[in-house]
Amino acid sequence: MEAYFFDWLNMFFRWIHVITGVAWIGASFYFVWLDLNLREPPGWKKDKGIKGDLWAIHGGGIYEVAKYKLEPEKMPTTLHWFKWEAYTTWMTGFALLTVMYYWGADQYLIDPSKMELTQFQAIGISLAFLAGGFAFYEALIKSPLQNFPRVFGGILFVGLTFAAYALSEIFSDRAAYLHVGALIGSIMAGNVFFGIMPAQREIVRAIEAGEKPDEGPALFAKLRSTHNTYFTLPLLFIMISNHYPMTFGHDHAWLVLALICANAAFVRHYFILKHQDNHQPWILAVGTLALFAIIGWMMPMPANTDIQVSDARVLDISMQRCASCHADKPTSAMFTAAPAGISLETVEQLESYKPRILTAVQSKYMPLSNLTNMTDEERAEMMSWATEVK
Ligand code: HEC
């Protein structure tokens, strides 16, 4: 019964997390695009303090958008703020982390072959990592380094890569990736909560008090917002990566993460420049070549097919190591239905999932946290059987 409610909570929070995440990143993409596409306005608008304007057509109507350098002539009665997209994405993400990786720590967070942790210890390390990583970023952005974007970016990248490496030594492969994502997401939400919102409140306060708003906080908010822009594509990659054991299950998963994320941020850079009419297609070309290089480098070694493994033997291994979960009616108390819809109780079923079994077993993603104690010999046998072409 517990497993049934676990699945529902998991799905519910994931669903809302995706919905709010779409709203947040959608708004973020839109405003970055908007800001960079503002063009010089006509003189009469400039006289009103407008620094850029833009015209667009969408949904059957024409829109005129104007951005003020600082304060408008008079404050409008309704001013729309964008913050709940970010806050709710973070809150549902944290709820999902709690359900899946804290409640389900034995299956998803802890990997005894890396570190024998109790559920309590694992959760403690996870929370300490997120809090520590967040504090590191906040200290960095408040330091004079904020004036040196490239050095800043470099330190952040090295820090996150180191975190990915350290986490891969402590948690399950999948949880290691997820934690880097959770940290990036927390930094992004923190940028909104601790940086952008206070700056905006200050601007509004000053305008309402009839003072000249200070440009400093606005520029600082812009810096945080720019960081968020470069985080979006890497973060989205980490969110979907848990469907692809070839990434988080790679022998050098932390390096895979670093390379793919660096490449994704680089590609984001192309779009940022393009919004400003600065076309640099070479960035996309280099990004694509780099991706091919990564794909080539990551290619798994073919399994040793010298060992002859009969169908009966592989079914035997599966019944022992896989079918407690992968069955129409799992005997494992953790599942009420076959995980990922994959039952592995007959040779026909094993046959039909060969390529996915190969990736899952080779990357050691399966058996989940090796809860069924699969041996290296059995792994080699299963891989060899799954590699055979009939
Ligand atoms: C303790 C339970 C458990 C055991 C034992 C287990 N699995 Fe899984 N398996 C899962 C879960 C849970 C998922 C779904 C993971 C997810 O959410 O993506 C899964 C997913 C898979 C997938 C799909 C992965 C993908 O996304 O392509 C394959 C293939 C797979 N398992 C094969 C195996 C094989 C082969 C074994 C035995 C060697 C095995 N599993 C043992 C729980 C288990």
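Read the numbers this way: they start at 1 and go in the same order the structure lists the ligands and their atoms. Since the model is a prediction, treat every value here as computed from it, not as a measurement.
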Element-labelled atoms of ligand 1 that are located less than 4.0 Å from some non-hydrogen atom of Met374: 38 (C)

Ligand-side contact atoms (ligand 1) for residue partner Arg321, heavy atom cut-off under 4.0 Å: 5 (C), 37 (C), 41 (C)

Aromatic ring proximity Phe171/Tyr108, centre distance under 6.0 Å: no

Atoms of ligand 1 close to Met334 [distance to a heavy atom under 4.0 angstrom, numbered from 1]: 1 (C)

Under-4.0 Å salt bridge between Lys114 and Glu169: no

Arg174/Asp111 salt bridge by N-O under 4.0 Å criterion: no

Sidechain N-carboxylate O distance under 4.0 Å for Lys67, Asp35: yes

Electrostatic pair Glu138:Arg224 at N-O distance under 4.0 angstrom: yes

Residue Ile342 vicinity, atoms of ligand 1 by number, heavy atom under 4.0 Å: 22 (C), 23 (C), 28 (C), 29 (C)

Nearest protein heavy atom with distance in Å, relative to atom 17 (O) of ligand 1: Arg174 NH1, 3.4 Å

For ligand 1, the portion of Phe335 having any non-hydrogen atom under 4.0 Å away: side chain

Ligand 1 to Ser324 polar contact by distance, N or O atoms, under 3.5 Å: no

For ligand 1, the portion of Leu344 having any non-hydrogen atom under 4.0 Å away: side chain

Mutual orientation of the aromatic rings belonging to Phe271 and His275 [parallel < 30°, tilted 30-60°, perpendicular > 60°]: tilted

Minimum-distance protein heavy atom relative to atom 3 (C) of ligand 1: Cys325 SG, 2.7 Å

Close side-chain approach of Asn242 to Tyr177, heavy-atom, < 4.5 Å: no

Sub-4.0 Å atoms of ligand 1 with respect to non-hydrogen atoms of Thr372: 5 (C)

Intermediate values then yes/no, side chain to side chain donor-acceptor pair (under 3.5 Å), Trp385 and Asp311: CA-CA 8 Å; Trp385 178 84; Asp311 289 353; 2.9 Å; yes

Whether Tyr365 has an N, O or S atom under 2.8 Å from atom 8 (Fe) of ligand 1: no

Ligand-residue contact atoms, ligand 1 with Val361, heavy atoms, under 4.0 Å: 35 (C)

Nearest-neighbour protein heavy atom for atom 13 (C) of ligand 1, which is reported as residue plus atom name and distance: Pro339 CB, 3.5 Å

Top protein contact for atom 37 (C) of ligand 1, by heavy-atom distance: Cys322 SG, 1.8 Å

Nearest neighbour in protein (non-hydrogen) for atom 25 (C) of ligand 1: Arg356 NH2, 3.6 Å

Ligand 1 to His326 polar contact by distance, N or O atoms, under 3.5 Å: yes

Identity and separation of the nearest protein heavy atom to atom 19 (C) of ligand 1: Met366 CE, 3.1 Å

Per-atom contacts, ligand 1 versus His243 - under 4.0 Å to a heavy atom: 26 (O)

Name of the residue among Glu64, Glu40, Glu73 meeting salt bridge (charged side-chain N to carboxylate O under 4.0 Å, His left out) with Lys45: Glu64

Proximal atoms of ligand 1 relative to Leu371 (non-hydrogen, under 4.0 Å): 1 (C)

Test: Glu208 and Arg205 ion pair at under 4.0 Å: no

Electrostatic pair Arg39-Asp53, nearest N-O below 4.0 angstrom: no

Phe162, CZ: over 12 other non-hydrogen atoms inside 6.0 angstrom: no

